[in-house]
Protein chains: 2
Amino acid sequence: MTTRWLTPEEQRAWRAYVAGYLLLEDAIDRQLQQEAGMPHLYYSILANLSESPERRLRMTDLAESLKITRSRLTYAVTRLEKDALLRREDCRWDKRGSVAVLTEEGMAMLERLAPGHVETVRAGLFDRLTPEQVGQLEEIFTQVVGGFQDDGEALPEELPWRRRSSGCSGSP
Amino acid sequence: MTTRWLTPEEQRAWRAYVAGYLLLEDAIDRQLQQEAGMPHLYYSILANLSESPERRLRMTDLAESLKITRSRLTYAVTRLEKDALLRREDCRWDKRGSVAVLTEEGMAMLERLAPGHVETVRAGLFDRLTPEQVGQLEEIFTQVVGGFQDDGEALPEELPWRRRSSGCSGSP
DNA sequence: GGGTCTTGGTTCAAGTTTGAAACAAACCTA
DNA sequence: TAGGTTTGTTTCAAACTTGAACCAAGACCC
C-alpha cells in the first residue's frame, strides 16, 4: 500500500505539537535545573515514589510507570541516591530485585520544589487552556498511551493471576 | 500567593500527556534510529531544510524554527555534515553567519525515510484520533507555542521593519 | 576612528541517554 | 535436580544535550 501522508490538518497539528512539547519540556527542565540542579525526569521519579505505598517501588515498576528504560532509570537512581534523595534496598522476596525508597530528604526536596514546578506547568500549559481543552488533552493522550499498551503486550494481562504485584513493601 | 495546585482533571491530563509524549518520542526515535541511525531531531532538521527556499537556512533561523538551542544545532549539523546529508556555507551578507544547505544525498535520505516516519507518527498518534481531536490538538499546542513567543520577546515583532530576513539565499 | 554593546556561531567539559552485553537469581522441564 | 530459558538489574562505550565561556563581526555612539 502506498504511503498515507499526513493531511494538511494533521501536519499543522503535528508541527504545533512538536514545537509545543519542546518548549514546554525546555521550560520545565530549566526551571528544575535552576532550582535543584535536576531535570524533569528526576523530579518525576521522586514524585512517583512519594505517591506509592510506603514511598517505595521496584525498579522495573518505576520504569514502567514512567515509560522509560530500565537502564535510564538505573543511571538516574544512582545519581539521586548519591544526593541522598532516595536509597536502594534489596527486595526480600526476589533476590534479583531492588527497590527505590524515597528518603526524608527526598520528600523534603519534593515539597520544596513542587510549588515552582506546578507554577511552570501552569504558566506553560494549563493557564492557556480552557477546562474543555484540559479534558480534550487528557482524552487525546490517554488514547495515545492506550495504543502503546496494546502494541507492547499483544494481549494485555494475558494471565492476570500470574501478574506479580510490585511487592517488596514493608519496612526492612 | 499560595500555590495553585493542579486540579484532579489537570493532574490526569498532565500524567497522560507526559506518558504519551515519552512513548511517542521513543517510538519515533527508535524507528528512525533503526532505519537511518538518526534521532528524531536530525530528521526534523533535514525536513525543515527541505521545505525552505533553495533548501537552505541560517543556523539561527533553523534553531529558532526547531525550538532548540544553537549549541545543540551546531552539534547536530556537524554530524549531518559528516554524513554528507547537508553542508555548511558562509553567509555572504554577514560574515559571522553560516547557512546549512541540504545536499542531494540529504534530500534522497529524507525521501527514503519519510514514509516510515509518517507511518510511525500515524500509528502512534493520528490513527487513534478523530478529526475533531486533530483540530483540538492543533489548537491546544498552538496556544502553548504562542504563550512562549510572548514570554521570550516581550513585544513580538517590536520593530518589524528591522527584522532581518533569513537571507543568504542564492547559489554560491 | 576607537570604545562598547549585541549578535551569530562554535567550543568545551560535565551530565545524560542509548542499546547491547553481562550477570545473577528465578523459573521451568525433563 | 541439572540444564536451559526468562526476568530483574546493572555496566559499558558511544552518542547526544546542556550551559557557560569564547571569538568574531556587525551595530551603535561619541
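When reading the values below, keep in mind they use all heavy atoms of this one structure, side chains included, and skip hydrogens, waters and symmetry mates. Just so it is clear: chains get the letters A, B, ... in the order the sequence lines come, proteins before strands, and each one is counted from 1.
Atom-to-atom, CG of A:Leu41 to P of C:dT18 comes out at 9 Å; the value is rounded to the nearest Å. Between A:Asp94 atom CG and C:dC23 atom P there is a gap of 20 Å when expressed in whole angstrom units. With rounding to whole Å, A:Leu22 atom CG is found 16 Å from D:dC16 atom P. What separates CG of B:Asp83 from C1' of D:dA15 is a distance of 12 Å, to the nearest Å. Distance CG (B:Leu80) to C1' (D:dT17): 15 Å, rounded to an integer number of Å. Rounded to whole Å, the distance from CE on A:Met59 to C1' on D:dT7 is 15 Å. B:Gln33 places its CD atom 7 Å from the P atom of D:dC16, with the value rounded to the nearest Å. Across the protein-nucleic acid pair, A:Arg92 atom CZ and C:dA25 atom P stand 18 Å apart, rounded to whole Å.
Between A:His40 and A:His117, the angle of the ring planes lies from 30° to 60°, which puts this pair in the tilted group. In this pair, B:Tyr17 and B:Phe141 present their aromatic rings tilted. The plane angle is within the 30 to 60° band.
Mapping B:Arg96 and B:Arg79 onto DNA chain D via the closest heavy atom, the residue that lands nearer the 5' end is B:Arg79. Nucleotides of DNA chain C nearest to B:Gln34 and B:Leu73 differ in position, and the one nearer the 5' end is that of B:Leu73.
Closest to the side chain of A:Ser98, out of C:dT16, C:dG9, D:dT10, is D:dT10. Considering only side-chain atoms of B:Lys95, the nucleotide from D:dA25, D:dC16, C:dT18 that sits closest is D:dA25.
Using a 4.0 Å cut-off, some side-chain N or O of B:Tyr75 falls inside it from OP1 or OP2 of D:dC16. Look at B:Arg88 and you'll find a side-chain N or O under 4.0 angstrom from OP1 or OP2 of C:dT10. For the pair B:Tyr42 and D:dT17, the criterion of a side-chain N or O lying under 4.0 Å from OP1 or OP2 is met. Between A:Arg58 and D:dT9 there is a side-chain polar atom (N or O) within less than 4.0 angstrom of OP1 or OP2.
Atom CH2 of B:Trp93 is separated from atom CZ of B:Arg58 by 10.0 Å, given to the nearest 0.5 angstrom.
Within the 4.0 angstrom heavy-atom criterion, base atoms lie near A:Thr74. Using a 4.0 Å heavy-atom criterion, one finds that A:Ser71 contacts the bases of the nucleic acid, with or without backbone contacts as well.
Defined by atom type and a distance below 3.5 Å, a donor-acceptor pair is missing between the side-chain atoms of A:Glu139 and B:Gln136.
A donor and an acceptor atom never sit less than 3.5 Å apart when one is taken from the side chain of A:Thr60 and the other from the base of D:dG8.
Between B:Arg4 and A:Asp127 there is a salt bridge, since at least one side-chain N of the basic residue sits less than 4.0 Å from a carboxylate O of the acidic one.
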